[in-house]
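Notes for the one structure printed next.
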Amino acid sequence: MSAFATMSTQAIELDLSGLTSVLAVILGIGVVILLVWMWRIGHQLETGIEPGAEQSAPPAAPVASTVGDEVRR
């Protein structure tokens with residue numbers, strides 16, 4: 001029985017170097033995404049922007065018409 005276990009253990013010899021490289025790349029990408037996400041949250045907290053609110057330019061001032069006293073919006 002021990003001979004069978006020894007042979008089956010030797011038969012399961014995997015090359016995991018490619019797998020570890022792929023996992024390292026995925027982990028690196030995840031860390032970068034996490035850091036960017038944390039930076040955005042910190043920036044929103046510092047500037048007082050509500051989460052989910054988009055930054056937009058202030059509304060433009062109305063432009064006076066040259067034809068009369070009408071104001072275009």
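Nothing here was measured: the structure is a model prediction, and the numbers come from that model. Note that the numbering runs from 1 along the sequence shown for the chain.
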List in chain and number order the residues that pass ring pair (Phe, Tyr, Trp, His ring centres under 6.0 Å) with Trp37, two or more places apart in sequence or in another chain; answer none if no residue qualifies. none
Please tell me whether Ile41 and Val36 are part of a single hydrophobic cluster in this structure, the criterion being side-chain heavy atoms less than 4.5 Å apart. no
Which atom pairs, donor and acceptor, lie under 3.5 Å between side-chain atoms of residues 25-33 and protein residues at least two apart or in another chain?
none

For Thr20, all residues meeting side-chain hydrogen bond (donor to acceptor under 3.5 Å, both in side chains), sequence neighbours excluded: none
